[in-house]
Amino acid sequence: MKKIILFAAIASAMFVSCVKETAVEQKPIQLTLTASFEDLSTRASYTDNQGLKMSWDAEEAISIVTVKDDKAINLQTMTSSGTAGRKNAVFTGSFTPTDGAKYFAVYPAMIDYFDTYWSTEGQHFRIDKNSEYLTWRGINISNLSQTGNGSLDHIAGVDAMVGQVDVVDGKANTSLVKTLSVLKLNLSLPDDIDEGTLTCVEVVSEGTSITTGTWKRFNYSTPFQWEGGGLHVVQMRLDIPAEANGNVVIYIPEAYGELPAEDITVSLYQDGVKTYEKIIPISEGLPMQAGYVYTINAEMEKK
């Protein structure tokens, strides 16, 4: 899915002088980056159909991506310490600028993998070196799990935010924009529920993709806009006792933008076996805006 642009030039002259412009790295400087949120709030508080509230933890890290000629050529990470719950965070660290480059902040911070790409922990978001895209790796049963009924811990690690950075005289600012929405499943279980642990949730649409798969990506422009393929099926691991007061709340991060107007089948697996199911008609297509939670309520039926 990498975009490749090929330039061909035919010269009629016998002697042609070609000069290739290269990025010039400057000397390292001490940089102070003040990062704020486009909508202020907290990662631990998701409010249905409203902007997600954000605040900083006591210890934080953020990455600055250097983009030259529309390709990511460098990644530098800075850290911040302060009071948990603060609205703005001041990040500091050594930073090497590059002439003619643009800079973007990515949160959570990324690390180097195999000298070929940078990625967040768990590799949900990645940037291939010398590419022009931040890529969403998709959700499947092997790489994301929710531990506990209604837990949001798994959201924080995949809830990537991006912001443009302007560097002037050792100081910089960025306003981080959310890139994901969240699909919330509020599921009522039958009265005669079985003992055991709910181990997986599966959501299937009839036609239109409801989540991203491995092809979702956006290039470094504003506003950030996802593009690419999708999946009709999403599965996520669970660790929720079946006797969770007869009601199970599941949060699924979504990298794109539409809940389709068609039947959606939600299934719950208990100890690896499909035990509860519900077919839910969605009467109207719903654009899923980044930074918002969209809820599906369902009374599950025993299979």
side-chain hydrogen bond (donor to acceptor under 3.5 Å, both in side chains) between Glu59 and Ser81, intermediate numbers included: CA-CA 5 Å; Glu59 302 292 331; Ser81 297; 2.7 Å; yes
Does atom NZ (Lys171) have a neighbourhood of more than 12 heavy atoms from anything else shown, all under 6.0 Å?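 Open.
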Please check if atom CG in Asn297 has more than 12 non-hydrogen atoms from other residues, nucleotides or ligands closer than 6.0 Å.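 Enclosed.
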Under a 4.5 Å cut-off applied to non-hydrogen side-chain atoms, are [X] and [Y] in contact?
{"X": "Ile264", "Y": "Val203", "result": "yes"}
{"X": "Thr199", "Y": "Arg237", "result": "no"}
{"X": "Ile250", "Y": "Leu268", "result": "yes"}
{"X": "Leu198", "Y": "Val248", "result": "yes"}
{"X": "Val249", "Y": "Leu185", "result": "no"}
{"X": "Leu75", "Y": "Ser63", "result": "yes"}
{"X": "Thr32", "Y": "Val90", "result": "yes"}
{"X": "Tyr117", "Y": "Asp112", "result": "no"}

Go through the side-chain N and O atoms of Arg86 and Ser80 and say whether any donor and acceptor fall under 3.5 Å apart.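 Note: Arg86 and Ser80 side chains meet the donor-acceptor criterion.
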Give, for atom [atom1] of [X] and atom [atom2] of [Y], the distance between the pair rounded to the nearest 0.5 Å.
{"X": "Asn88", "Y": "Ser175", "atom1": "CG", "atom2": "OG", "value": "9.5 Å"}
{"X": "Thr120", "Y": "Phe125", "atom1": "OG1", "atom2": "CZ", "value": "6.5 Å"}
{"X": "Phe91", "Y": "Thr174", "atom1": "CZ", "atom2": "OG1", "value": "10.0 Å"}
{"X": "Tyr251", "Y": "Thr295", "atom1": "OH", "atom2": "OG1", "value": "7.5 Å"}
{"X": "Arg126", "Y": "Tyr133", "atom1": "CZ", "atom2": "OH", "value": "15.0 Å"}
{"X": "Trp118", "Y": "Asn74", "atom1": "CH2", "atom2": "CG", "value": "6.0 Å"}

Could you report the tightest heavy-atom contact between [X] and [Y], atom names first, then the distance?
{"X": "Lys102", "Y": "Asp70", "answer": "NZ-OD1, 4.0 Å"}
{"X": "Val165", "Y": "Ala105", "answer": "CG2-N, 3.5 Å"}
{"X": "Ala298", "Y": "Ile280", "answer": "CB-CD1, 3.5 Å"}
{"X": "Thr77", "Y": "Ala61", "answer": "CG2-CB, 4.2 Å"}
{"X": "Leu238", "Y": "Cys200", "answer": "CD1-C, 3.6 Å"}
{"X": "Val266", "Y": "Met300", "answer": "O-CE, 3.4 Å"}

Test side-chain hydrogen bond (donor to acceptor under 3.5 Å, both in side chains) on Asp239 and Gln146 and set out the steps. CA-CA 6 Å; Asp239 185 12; Gln146 176 177 318; over 6 Å; no
Give the intermediate values and the outcome of salt bridge (charged side-chain N to carboxylate O under 4.0 Å, His left out) for residues Glu132 and Lys71. CA-CA 4 Å; Glu132 57 188 307; Lys71 293 185 179 180; over 6 Å; no
Quick check: is Met236 connected to Tyr269 through a chain of hydrophobic side chains (ILVMFWY, heavy atoms under 4.5 Å apart)?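 Tyr269 does not cluster with Met236.
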With clusters defined by side-chain heavy atoms of hydrophobic residues (ILVMFWY) lying less than 4.5 Å apart, directly or transitively, does Ile29 cluster with Ile62?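 They do share one cluster, since a chain of ILVMFWY contacts under 4.5 Å joins Ile62 to Ile29.
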Mind running side-chain contact (heavy atoms from CB on, under 4.5 Å) on Ile296 and Leu183 for me, showing each step along the way? CA-CA 8 Å; Ile296 291 179; Leu183 181 63; 4.0 Å; yes
Given Leu144 and Gln235, is the side-chain contact (heavy atoms from CB on, under 4.5 Å) satisfied, shown in steps? CA-CA 9 Å; Leu144 192 67; Gln235 289 183 316; over 6 Å; no
Can Asn247 and Asn186 be said to form a side-chain hydrogen bond (donor to acceptor under 3.5 Å, both in side chains), step by step? CA-CA 7 Å; Asn247 190 72; Asn186 186 29; 3.1 Å; yes
Candidate pair Glu277 and Lys302, rule salt bridge (charged side-chain N to carboxylate O under 4.0 Å, His left out), full reasoning: CA-CA 6 Å; Glu277 187 175 86; Lys302 203 169 183 179; over 6 Å; no
Would you check if the distance from the ring center of Tyr107 to the ring center of Trp56 is below 6.0 Å?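 Yes; Trp56 has its ring centre under 6.0 Å from that of Tyr107.
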Using side-chain contact (heavy atoms from CB on, under 4.5 Å), reason through Thr66 and Thr98 one step at a time and then give a plain yes or no. CA-CA 8 Å; Thr66 300; Thr98 299; 3.9 Å; yes
Ile64 and Met78: side-chain contact (heavy atoms from CB on, under 4.5 Å), yes or no, with the steps? CA-CA 8 Å; Ile64 300 180; Met78 308 179 69; 3.5 Å; yes
Under 3.5 Å, is there a donor-acceptor pair between the side chain of Ser151 and the main chain of Gly148?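 No, Ser151 side chain to Gly148 backbone: no donor-acceptor pair under 3.5 Å.
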